[in-house]
2 protein chains.
Amino acid sequence: MADEADLVQRLLLKLRARDEVSEREERVLRDAVSGSEEYPAGRNMVRAGAPLSQSMLVVEGLVARFKDLSDGQRQIQEIHVAGDFTDLHGFLLKRLEHNVGALTRVRVALVPHDAIRRITEEEPHLTRLLWFSTLIDSAIQREKILSVGRRPALSRLAHLLCELRVRLELTGLAADGSFALPITQLDLGDATGLTSVHVNRMLKQLRDDRLVTFRGGQVTIHDWPRLQKVAEFDTGFLYLDRRPR
Amino acid sequence: MADEADLVQRLLLKLRARDEVSEREERVLRDAVSGSEEYPAGRNMVRAGAPLSQSMLVVEGLVARFKDLSDGQRQIQEIHVAGDFTDLHGFLLKRLEHNVGALTRVRVALVPHDAIRRITEEEPHLTRLLWFSTLIDSAIQREKILSVGRRPALSRLAHLLCELRVRLELTGLAADGSFALPITQLDLGDATGLTSVHVNRMLKQLRDDRLVTFRGGQVTIHDWPRLQKVAEFDTGFLYLDRRPR
DNA sequence: CGAGCTTTTGACGGATCTCAACGCAGGTGG
DNA sequence: CCACCTGCGTTGAGATCCGTCAAAAGCTCG
């Protein structure tokens, strides 16, 4: 049915930007989905350490992987958008060392680990594609290490916005440098290793410099070339070229 | 020959800490190695963007993945030890978005991508193990995001030393909380997102507090429980339990 | 034994955090 | 319909952690 078709649609867009996916493979992926679920904003979706038997594919909304320190500080390690698996790695890790939470209202497709295991037994190329998609996450996370470790605050924020723009554009969720980002400045702080107060000041500077506006959960990029320069943003880490994997 | 046996030995130790590896799979892994190479300390081993046709397995020495910013700042994203693949993900990514460099004199085993591809076609379980090992890297990198994003300098350093201790112990390269770490304080700064000056001060504090000593390229942990507490170190992210994958 | 790293230490400066106050919008219940 | 509450955004003042700059001492190796 049309509804089910939509569940994997954006995943396919993402994969096909990087390699071919045959119709048979597409069918195998669709058949792997066992159902879907919704979560309200702020809800915890996977708690660190809990045993897992299925993985979640984001259909709609924004999801964060994060970890907390004992003093209450939170660090978001990656923001997931529609088309991303949030915890495909849970298939082999069997549990996660971090939490997964809904930043907005979220709908996910559920993919039982049994089905993924079957794919690894019978579909080498599709297996490589799934593996590949976990490697993209890894590259995104490495880029965050660089951001948080060495970039100044303004640059970190700019980089995050650049990254989200490109990732959302891939699945048609951003156009003309504008996209929905209905999260709080506190969330942005957790994603950049800053306090919400400082995020607020940096957002003001980005706005005053006519680079980007973040208001009402909507991002509008005014000057893409200059924003990229401020962020030292280079799409290389997103591996956007189409090649056989 | 005995020499070749040694090339994959530590990799097997690492894998077998997490799952079973059959004798046949062990043979397949050995056969996948096409040779070995040495690099002097400081040498660049893979440059970002260069096309790759083989992956490197560290046999001896320390290797870093890192990226530089335009102003010359460097961020190390992960330190690899003997038994780690440094760029297994290059098999599917086809190139890397970061550099790989030798922190010490290094010997690596070379594994052609053709051989890995054959494994993915014929050895589902071994494929999952290789995939799994890239997921461990990913978890280590996520932990670094937390460190660099939210932990204070002292804690960051403590955490890195805890992590290296446990990882080295897995393959018999650390014992009694003591291990070789023949790298400079500048390297430690690049790995923690600090300056070498501040690393020096924090090392002094760790020494004065009787937690760890780093001297002459040797780390000696004096008080493991307290060091872990300072670092908020929890081995969870290393997935040390033995389970079928 | 001198050149060039690396480590160590001090003084100072600055980016970011903390604390605090206020405004604003949306929701809720009387 | 309005008082109230709560969460979020905004701004200012002061504190702090870490960086910068600089110099000197220790090591290694040709």
Side-chain angles (χ1 to χ4, degrees), chain A residues 40-43 62 69 71-75 101-105 147-160 180-209 212-219 230, chain B residues 40-43 62 69 71-76 101-105 147-160 180-209 212-220 230:
Chain A
R43 174 70 54 80
L62 294 170
L69 288 181
D71 63 354
Q73 288 190 98
R74 164 165 305 188
Q75 177 66 47
L103 290 175
T104 65
R105 201 163 71 85
S147 259
V148 162
R150 295 300 194 191
R151 280 192 250 258
L154 190 73
S155 183
R156 275 188 227 180
L157 259 177
H159 196 278
L160 178 60
L181 189 68
I183 66 178
T184 67
Q185 294 182 7
L186 201 146
D187 293 329
L188 284 176
D190 291 341
T192 49
L194 301 168
T195 58
S196 64
V197 173
H198 203 58
V199 165
N200 183 276
R201 292 193 236 267
M202 294 299 102
L203 284 176
K204 175 168 168 45
Q205 188 176 337
L206 288 172
R207 205 182 320 126
D208 291 351
D209 292 351
V212 221
T213 302
F214 172 77
R215 212 229 283 307
Q218 191 75 16
V219 174
V230 166
Chain B
R43 174 70 53 83
L62 294 170
L69 288 180
D71 63 353
Q73 288 189 96
R74 165 165 303 189
Q75 178 65 50
I76 292 178
L103 290 175
T104 67
R105 201 163 70 84
S147 259
V148 162
R150 296 300 195 190
R151 280 191 250 259
L154 190 73
S155 182
R156 275 187 227 179
L157 260 177
H159 195 277
L160 177 61
L181 189 68
I183 67 179
T184 67
Q185 295 183 7
L186 202 145
D187 293 329
L188 284 176
D190 290 341
T192 49
L194 301 168
T195 59
S196 64
V197 173
H198 204 59
V199 165
N200 183 276
R201 292 193 238 265
M202 295 298 103
L203 285 176
K204 175 168 167 47
Q205 188 176 335
L206 288 172
R207 205 183 320 126
D208 291 351
D209 291 352
V212 220
T213 302
F214 172 78
R215 213 229 285 305
Q218 191 76 16
V219 174
T220 311
V230 166

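Letters go in sequence order (proteins before strands), and every chain restarts at 1.
Residue-to-nucleotide contacts include a donor-acceptor pair under 3.5 Å from the side chain of A/R201 to the base of D/dG12.
A/H198 has its NE2 atom 9 Å from the P atom of C/dA15, to the nearest Å. Between B/L181 atom CG and C/dT6 atom P the separation is 14 Å, expressed in whole Å. The distance between atom CG of B/L157 and atom P of D/dC17, rounded to the nearest whole Å, is 16 Å. Rounded to whole Å, the distance from CE on A/M202 to C1' on D/dG9 is 15 Å. Rounding to whole angstrom units, CD1 of residue B/I183 and P of C/dC5 are separated by 19 Å. For the pair B/D190 CG and D/dG19 C1', the computed distance is 14 Å after rounding to whole Å. Atom CD in B/Q205 sits roughly 13 Å away from atom C1' in D/dC18 (whole-Å rounding). A/Q185 has its CD atom 16 Å from the C1' atom of C/dT16, to the nearest Å.
Between B/N200 and C/dT8 there is a side-chain polar atom (N or O) within less than 4.0 angstrom of OP1 or OP2. Residue A/T195 has a polar side-chain atom (N or O) positioned under 4.0 Å from OP1 or OP2 of C/dC17.
A/R150 places a side-chain N or O within 3.5 Å of a backbone atom of B/R74 that can act as its donor or acceptor partner. At distances below 3.5 Å, at least one donor-acceptor pair connects side-chain atoms of B/R156 with backbone N or O atoms of B/T192. A donor-acceptor pair under 3.5 Å is formed between the side chain of A/S155 and the backbone N or O of A/V230.
Annotation: of the two residues near DNA chain D, B/V199 and A/L186, the 5′-most nearest-nucleotide partner is A/L186. DNA chain D is contacted by both B/G193 and A/V197; A/V197 maps to the nucleotide lying nearer its 5′ end (nearest heavy atom per residue). When each of B/T184 and B/K204 is assigned the nucleotide of DNA chain C with its nearest heavy atom, B/T184 is the one assigned upstream, toward the 5' end.
Backbone-only contact: B/L194 has heavy atoms under 4.0 Å from sugar-phosphate atoms and none from a base.
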Start with the C-alpha distance between B/L181 and B/L62, add both sets of side-chain angles, then the distance that settles side-chain contact (heavy atoms from CB on, under 4.5 Å), and finish with yes or no.
CA-CA 8 Å; B/L181 189 68; B/L62 294 170; 3.8 Å; yes

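Counting non-hydrogen atoms of other residues, nucleotides and ligands closer than 6.0 Å to CZ of A/R207 gives a total above 12.
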